[in-house]
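Each chain gets a letter, A, B and so on, in the order the sequences are listed, and its residues count up from 1.
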Protein chains: 2
Amino acid sequence: MPTDIPAVVVDRLPHYLRTLRLMLDDGIEVVSSRELGEALGTTPAQIRKDLSYFGRFGKQGRGYDVSALLGDLTRILGLERSWPVVLVGVGRLGRAIITYPGLTPEGFHVRAAFDADPSIVGSNVDSVPVRPASEMERFIRDERIEIAILATPGDVAQDVIDRLVACGIRGILNYAPMTPHVPNGITVRTIDPVQALQTMTFYLRDSEEEEDLLPKRNRGRRGNGRR
Amino acid sequence: MPTDIPAVVVDRLPHYLRTLRLMLDDGIEVVSSRELGEALGTTPAQIRKDLSYFGRFGKQGRGYDVSALLGDLTRILGLERSWPVVLVGVGRLGRAIITYPGLTPEGFHVRAAFDADPSIVGSNVDSVPVRPASEMERFIRDERIEIAILATPGDVAQDVIDRLVACGIRGILNYAPMTPHVPNGITVRTIDPVQALQTMTFYLRDSEEEEDLLPKRNRGRRGNGRR
DNA sequence: CGATGTGAAGCGTTTCACAGCA
DNA sequence: TGCTGTGAAACGCTTCACATCG
């Protein structure tokens, strides 16, 4: 398996996974890169090139065996096993994340949640124990946890990130609206709905003028959001 | 203002905004591209190049006036006004989104929520009225709403997207775990924590072997997640 | 002198086009 | 014949390096 895969390629693999599962559920056994591309909104060439980074999975003249490719991608992404995670910050958002039923079926198990507020420490959220922030490092080290979900306010997020990294966390799913700084080798993904909305408004900016049917100075074609 | 801006550039502007606000709060009046780059985890060159797509905002020998640049970026992104949005799908996730206090201060106002379930139609979530899905199109058209937040189950999401697009929605913030298909000119941003986690596991995949201190065949440097 | 704005170079990703194989 | 896998071309983004100017 090649040692340097473009990050954009890795980012697309979960999409492939999801679509292949749907196809398997529909009883589709073989799929061509053209068909997969249509389902995913990409080009056949991109799918073939992406997969070629990891090996040769197709049968010429036929396409890809859905079930086999599903298995291969699952293994490539490291999803044949389950992953324990911790959550930091048990506010409104943190609770919603713990309660979200989509993580467990994908193999991500929230083992503990941490918060600085003594009034909620000791309680349970959806059977996940809330522990004091001071015990965070020990728990992560003892349980050999590598993934953390961060749902604290933005102003303490960087401190928490530094602590997480120091005790062995290697992947952080960040819900705090801030710019995370981490050393090389640590993967951070930030989920930020406001940021997403703020990029959309750029493209919507002055559309009301167009809607008013006033044929002003001809507005040039503006780039649209990808996908 | 140029008519074709790379999408990656637009995606970064909200980050710039956020950081500039923090700097303004800290009383910083002037910032150089080097300082901004450090705060953002990018290079000075990228910031200068990004900004250059929209005009000339800096003073040579000095840097950028924080407050002025903030205003310019706010205008560029179309954020000097507030944006009405609708939410579709009032399940656990939909409620969490409505309840999330971060949208309103940024100027995004959820005007109505829609759901097919008659048992919740007519209720309010955090003072947002839940209306029947059948009234969705009329409401969007009457109120001239351009942005929708989608929080339905994945299997109905594409149908909803088609309806949204048909009645004038131009930007969709998609929380459904699926691949959205939209015509050109419609902006979709998908928020998918599972996808984010699944890309992280790729980089963590076989780290336990390394941890076990068994000096196996030398493992090459593997690419890490950007940022 | 210090920092911007920007052509041009460098680099990474996507697309093309076709050889090779079932 | 049909579709994969893949070098090579095309494209787009990032980085460089410097002329320019307060």
Side-chain angles (χ1 to χ4, degrees), chain A residues 1-13 15-16 20 23 28-66 68-70 72-73 76 199 221-227, chain B residues 1-13 15-16 20 23 28-66 68-70 72-73 76 199 221-227:
Chain A
M1 217 164 298
T3 180
D4 202 28
I5 315 281
V8 278
V9 173
V10 177
D11 283 356
R12 282 191 289 263
L13 298 186
H15 261 123
Y16 294 5
L20 287 166
M23 288 177 163
I28 300 172
E29 288 177 1
V30 173
V31 72
S32 69
S33 60
R34 186 184 46 74
E35 294 164 325
L36 233 195
E38 268 161 34
L40 284 158
T42 11
T43 64
Q46 180 157 87
I47 286 164
R48 294 203 300 276
K49 181 58 107 182
D50 281 359
L51 295 178
S52 78
Y53 283 104
F54 303 99
R56 316 180 52 163
F57 305 103
K59 304 224 182 309
Q60 275 155 329
R62 249 174 95 60
Y64 301 87
D65 182 291
V66 173
L69 185 54
L70 204 43
D72 288 329
L73 289 181
I76 287 165
T199 63
R221 184 120 200 66
R222 186 159 30 257
N224 78 314
R226 51 153 190 252
R227 181 165 303 155
Chain B
M1 217 164 297
T3 179
D4 201 28
I5 314 281
V8 280
V9 173
V10 177
D11 284 356
R12 282 191 289 262
L13 297 186
H15 261 123
Y16 294 5
L20 286 166
M23 288 176 163
I28 300 172
E29 287 177 4
V30 173
V31 73
S32 70
S33 59
R34 186 183 47 73
E35 294 164 326
L36 234 194
E38 266 160 35
L40 283 158
T42 12
T43 64
Q46 179 156 88
I47 286 166
R48 293 202 302 275
K49 180 59 105 181
D50 282 358
L51 295 178
S52 78
Y53 283 103
F54 304 98
R56 316 180 52 164
F57 306 101
K59 305 224 182 309
Q60 275 155 330
R62 246 175 98 61
Y64 301 89
D65 182 289
V66 172
L69 185 54
L70 204 43
D72 288 329
L73 289 181
I76 287 166
T199 63
R221 184 119 201 69
R222 186 158 34 255
N224 79 313
R226 57 167 177 241
R227 179 165 305 153

Inset, instruction - Could you pull out the closest heavy-atom pair between B:V31 and B:L36, with the gap in Å? - result: CG2-N, 3.8 Å

Inset, instruction - Could you tell me the separation between the CG atom of B:D65 and the P atom of C:dT4, rounded to a whole number of Å? - result: 13 Å

Inset, instruction - Return no unless some side-chain N or O of B:T43 is found under 4.0 Å from OP1 or OP2 of D:dT15. - result: yes

Inset, instruction - Examine distances only and state if a side-chain atom of A:E35 and a backbone atom of A:S32 form a donor-acceptor pair shorter than 3.5 Å. - result: yes

Inset, instruction - Would you kindly compare B:G61 and B:A45 by the position of their nearest DNA chain C nucleotide and give the one closer to the 5′ end? - result: B:G61

Legend entry - Student check: side-chain heavy atoms of B:L73 and B:F57 closer than 4.5 Å: no

Legend entry - Minimum-distance nucleotide to B:V8 side chain [options: D:dC3, D:dC13, C:dG2]: D:dC13

Inset, instruction - Ignoring backbone atoms, test whether A:S33 places a side-chain nitrogen or oxygen under 4.0 Å from the OP1 or OP2 oxygen of D:dT4. - result: yes

Legend entry - For atom CD1 of B:I47 and atom C1' of D:dT15, their distance in whole Å: 13 Å

Inset, instruction - Starting at atom CG of A:D4, determine the distance to atom P of C:dG12, rounded to an integer number of angstrom. - result: 9 Å

Legend entry - 5' precedence on DNA chain C between A:R12 and A:K59 (nearest-nucleotide basis): A:R12

Inset, instruction - Nearest 0.5 Å please: distance from the CE atom of B:M23 over to the CG atom of B:L69. - result: 10.5 Å

Inset, instruction - Take atom CZ of B:F54 and atom P of C:dT6, then tell me their distance rounded to the nearest Å. - result: 13 Å

Legend entry - Under 4.0 angstrom between B:Y64 side-chain N/O and C:dG5 OP1 or OP2: yes

Inset, instruction - Determine the contact category for B:R48: base if any of its heavy atoms lies under 4.0 Å from a base atom, sugar-phosphate if only primed atoms, P, OP1 or OP2 are that close, otherwise nothing. - result: base

Legend entry - Rounded distance (Å) that lies between atom P of D:dG5 and atom CZ of A:R34: 16 Å

Inset, instruction - Send over the distance from A:Q60 CD to C:dA19 C1', rounded to a whole Å. - result: 9 Å

Inset, instruction - Would you classify A:R62 as touching base, sugar-phosphate or nothing, given that sugar-phosphate means primed atoms plus P, OP1 and OP2, and contacts are heavy atoms under 4.0 Å? - result: sugar-phosphate

Legend entry - Whole-Å distance separating the CG atom of A:L36 from the P atom of D:dC3: 13 Å

Inset, instruction - Please state whether the phosphate of D:dG22, meaning OP1 or OP2, lies under 4.0 angstrom from any side-chain nitrogen or oxygen of B:R56. - result: no

Legend entry - Close side-chain approach of B:Y64 and B:L20, heavy atoms under 4.5 Å: no

Legend entry - Donor-acceptor pair under 3.5 Å, B:Q46 side chain vs D:dT14 base: no

Legend entry - Rounded distance (Å) that lies between atom C1' of C:dA17 and atom NZ of A:K49: 12 Å

